[in-house]
Amino acid sequence: MKLISHTLLAAAAMVSNMGVARAHVFIWGVFVNGVDQGTFNGIRTPAYNGPPPRGYSNSPVKDLNSIDMRCNVLGDKQVPRTIKVFPGDNITLDWHHNNRTIADDVIDFSHHGPALVYLTPDPPAENTFVKIWEKGLYELGPTPFSPGKWATTSDIKANNGLMNFRIPANLKAGFYLIRAEMVGLHEADARFDQNSRRGAQFYPNCVQIEVVGDGAVELPEGVSFPGAYKYDDPGVHYNIYCSTERAPLAPCTDASTYKIPGPTVWSGAWPETTEVALGPVTGSTTATRWSSWIQQSVVTTATFNQAGSPVPVATSQYTASWSLAYATPTAPPTL
């Protein structure tokens, strides 16, 4: 970002202080071989889009040409912790909505769609995002008007927000970003570029990792974000309900032929991923109210009055600015 307040930088790095009201889905924790790395550690948590209590973090990205397709809003900002992993490690991402508990609803029941994981060197560049895992529609519904079973709702939501995959075998040591994503197709019968009120909803979130060991395999050429998805891709413009009322917008197709957006999974990725037993969660399972948010590229910081209401005190301009070379993350500024 070219201009942003110190308060927001601190909030981006110290995401354990973020609030929870009406949040969409994003990653709250990372397990490595079943061991929790701590709530929000290593995760580039998206910014809130409004003041408490009505703002929420990780509002969906629908503009496929936006730089936010990389890692969501604030995805260009490093966080202090980087998670160390070895090739072959089992990774479990813990996605949630309002809190990190099994009582959380994770994602709305209507947000059917695929889930995907990409890996890229940190920082990413053109054509560096390599898909290492995906899951889409895996069971057809009983009728053409039922959505069937999808990764986001019938798998991840049903399993309390858990998404499992593995670090590629023999991967070369270095710093990488995991770009994990859930996609909601409940309004994908329309295209966002033709109707900004609707369109497929993308929930990307990135995690900082350092791969250690003596691996020798380098990632192949991948895809770019933005750029990997197009509005007319059949996996983006898709009618999950195949209803006659919506058919003129996105024609009904054979659900068994649904194609997950983006490239195919890299041949060097693990062909199968098994669930691993998870240890206890470490760190907070809830979050406190937030004092910074971004609306229409404007950063607002606030204090709170005696009644607990936010009082804006400063504004600045938000512009994402990705580094061209890796730099060691620094501690957040002291407030």
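Around atom CG of D214, no more than 12 heavy atoms belonging to other residues, nucleotides or ligands sit under 6.0 Å away. F109 CZ: 12 or fewer foreign heavy atoms inside a 6.0 Å radius. Sparse packing is recorded around NZ of K172, with 12 or fewer heavy atoms of other residues, nucleotides or ligands lying under 6.0 Å away.
Side-chain N or O atoms of Y176 include none that pairs as donor or acceptor with a backbone N or O of V211 at under 3.5 Å. Side chain of Q295 to backbone of N49: a donor-acceptor contact under 3.5 angstrom is found. Between the side chain of N205 and the main chain of R44, a donor-acceptor pair closer than 3.5 Å is present. Panel note: side chain N239, backbone Y241; a donor-acceptor pair is recorded below 3.5 Å. Between the side chain of K157 and the backbone N or O of D105 there is at least one donor-acceptor pair closer than 3.5 Å. A donor-acceptor pair is defined here as one N or O able to donate and one able to accept, closer than 3.5 Å; no such pair exists between the side chain of D233 and the backbone of G235. In terms of modelled atom types and a separation under 3.5 Å, the side chain of D94 and the main chain of W28 share no donor-acceptor contact. Within the 3.5 Å criterion, the main-chain N or O of G50 finds a donor-acceptor partner in the side chain of W290.
In this structure, a donor-acceptor pair under 3.5 Å is absent between the side chains of R81 and Q208. Side-chain contact annotation: N98 with D104, donor-acceptor N/O pair under 3.5 Å absent. A side-chain donor-acceptor contact under 3.5 Å links T282 and D36.
Rounding to the nearest 0.5 Å places OH of Y326 at 7.0 Å from CD of E210. Taken from CD1 in I167 to CD1 in I132, the straight-line distance is 5.5 Å, to the nearest 0.5 Å. Considering CD1 of I107 and CD1 of I156, their distance stands at 8.0 Å, rounded to 0.5 Å. Rounding to the nearest 0.5 Å places CD1 of I240 at 9.5 Å from OH of Y258.
Ion pairing between K230 and D232 fails under the 4.0 Å rule for side-chain N and carboxylate O.
At a threshold of 4.5 Å between non-hydrogen side-chain atoms, the residues V106 and H96 count as touching.
F165 and L162 are assigned to two separate hydrophobic clusters, defined by single-linkage of ILVMFWY side chains at heavy-atom distances under 4.5 Å.
With sequence neighbours left out, the side-chain hydrogen bond (donor to acceptor under 3.5 Å, both in side chains) criterion links N127 to S224.
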